[in-house]
Amino acid sequence: MSTPRWLRRAGTPRLEFGADYNPDQWPRAVWDDDVRHMREAGVTIVSLAIFSWARLEPADGVFDFAWLDDAMDLLHANGILVDLATATASPPPWLTAAHPEILPVDRVGETIWPGGRQHWRPTSPVFRTYALRLVRAIADRYRDHPALTAWHVNNELGCHNVYDYSDDAATAFRSWLRDRYQTIEALNDAWATAFWSQRYTAWDEILPPRLAATYPNPGQQLDFKRFSSDALKDYLIAEREVLREITPEVPITTNFMVMGETSAMNYADWAAEVDFISNDHYRTPGARSADELSFSANLTGNIAGGRPWFLLEHSTSAVNWQPINLAKRPGEIERDSLLHVAHGADAVCFFQWRQSKGGAEKYHSAMLPHAGADSDLFRSVVALGSRLGELAPLAGTPRTPARAAIVFDWESWWAAELDSHPTDRLRYRQEAFDWYTAFLDLGIRADVVPLAADLSGYELVIAPILHVVPAALTARLTGYVEAGGHLVTTYFSGIVDENDHVWLGGYPGALRDLLGIRIEEFAPLLDDERAELDNGLTGSLWTDRLEVTAAEVEVLASYKTGDLDGRAAVTRRPVGAGSASYVSTRLGPEGLGVLLAELAARAGVTSDLPAELRGRVEVARRGDFRFVFNRTGEPVDISALSPAEPILTARGVAVLHA
Ligand code: GLA
Ligand code: GLA
């Protein structure tokens, strides 16, 4: 990993504040109004020219930088930094007309036509030639421009084009597979091609998992997910190398999408390829919307290794791409922004600066809305800018690690949700998120960390649905527990190796000895079925026919109804000063809250909040600061933490010195 670098800029550290800026959507006269209002709001940085390819290169090889020169100069004259995009996100019509072979193809064989954006194959050599020529032209043009403070590679790589099944993808997939397996025999073994007469005799016979008569080979599917993430990472590196050659001193980033069910890009694996981590986050509507934001921000901060990161996009209010797009309620713009900051963001940016008048995102909120500056929304933007200004001393401070962690692993996410499994209802991220909510409900801070993170500093580690467990991981987790760590894992964990081959001898093969249990059969539940436990909790989704095999294992809860009556449901095996626990059913956030209270207490991890505040507030720590967020819809008395300002309004946030 390269040494992490932050923005190229002078002056004292501060939290950056800004947006995507699309001046090319507006007449020149509007730009002066833009920068005037940016200054009023305290905007310090914009991401510029993200979707400007057609404007920058109006015809093949013909570049027009005059307008961008003007915009760069104007921003610089107003003291606003530029995170300059490489503008490669949406290829122009002249390019797709001349080279339709850059268009992605879906699994059914349908072409993804131009008309939207990101209609390019990650593996197209033709696309790459044109895109890198543009990157080079932009970098050459602005290498010495004083506004240039960072490079913004493409945009949300993989937002729409991650899974491409074209012939280019097939060629690149074969070459990726050759690198991974070296020989066709090794691939045949890994993909278990003895099954269903799938044995390959030559690399050229291999295809992406296109529409098939029934379930495509699971090894092929899993490798295609790995390959698709790698193909985009490779493209990111290709742009980065051009930029590093021309401007070695300018840091590069690209906006990740650590949010919701976006699973296709293995960001833990991408993290080392950028100079600093950026994320985009849009809230998932629902009762746990702010918890999900916290979960995503927390994971982003840990993907960044605890170092500051950049919130490159979120929304001031409604988006335009959900079925029903809710406006944010009063207080939410600040609460959401500071939740990201609390988890390590040193920048708060939005999509976008000025709400579009036309185009597909005209109903998406912005910093300067259709209503204009005389609006509650713009006033809340100005207020946020000034609040971030007051928080400048936070800039550069790392997140403060928690004592407990939830492990998050893309490989297990992908593999556990493949088709042809015991149930198609299992949701990897949901289970991890349920545990996170349980921690919040108990008032215990927990980090959400990528699997590769050093776990040794955590007293309690939850590894939900840790489905893929190569032999080395078994050894690592055993070492963690033997050294005194407390590990908790769940149903469908420890089942397969890195090739998605089942560990034999009874589930969960890779963790069987560590947990001291053995499962002969899975027993998933129908949607309306529930499994009652003797501690009063209720499971859904999954149960196991579990037997305890090690004498020292304690049964923390047993099933009390149905065929599993009397069998263990939750177990805990003491190992030296540590322990290894197993939860065989889905308990949901409330049930997990009850169970976690016991598991955490026995691991010696307890809340440091007064009892009356547990669950009602989220507390996050960064450096010398403590952020207190109201998780309820009503005012909360936080006088125990903040005697000077005892009332935290609904959706309110208090920033305290620790
Ligand atoms: C993504 C994109 C932006 C915009 C927003 C809308 O984050 O990067 O260009 O489309 O979504 O929410
Ligand atoms: C059919 C097929 C078998 C097997 C089973 C699985 O019967 O003939 O090969 O796939 O379905 O249920």
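Every number for a ligand or one of its atoms is a count from 1 in the order of the listing.
- Applying the 6.0 Å contact sphere to CG of Asp419 captures more than 12 heavy atoms from other residues, nucleotides or ligands.
- At a cut-off of 3.5 Å, with distance as the only test, a side-chain donor of Asp24 or Ser52 sits close to an acceptor on the other residue.
- Near ligand 1, Phe51, Arg117, Asn155, Glu156, Asp280, Tyr282, Glu313, Trp321, Phe351, Glu361, His364 each place a heavy atom less than 4.0 angstrom from the ligand.
- For the side chain to side chain donor-acceptor pair (under 3.5 Å) with Asp275, the lone residue among Arg8, Arg5, Arg240 that qualifies is Arg5.
- Residues forming a ring-ring contact (aromatic ring centres under 6.0 Å, His included) with His343 (at least two apart in sequence, or on another chain): none.
- In this structure, the separation between NE2 on His119 and CG on Leu95 is 8.0 Å, given to the nearest 0.5 Å.
- Taken from CG in Asn22 to CD in Gln25, the straight-line distance is 4.5 Å, to the nearest 0.5 Å.
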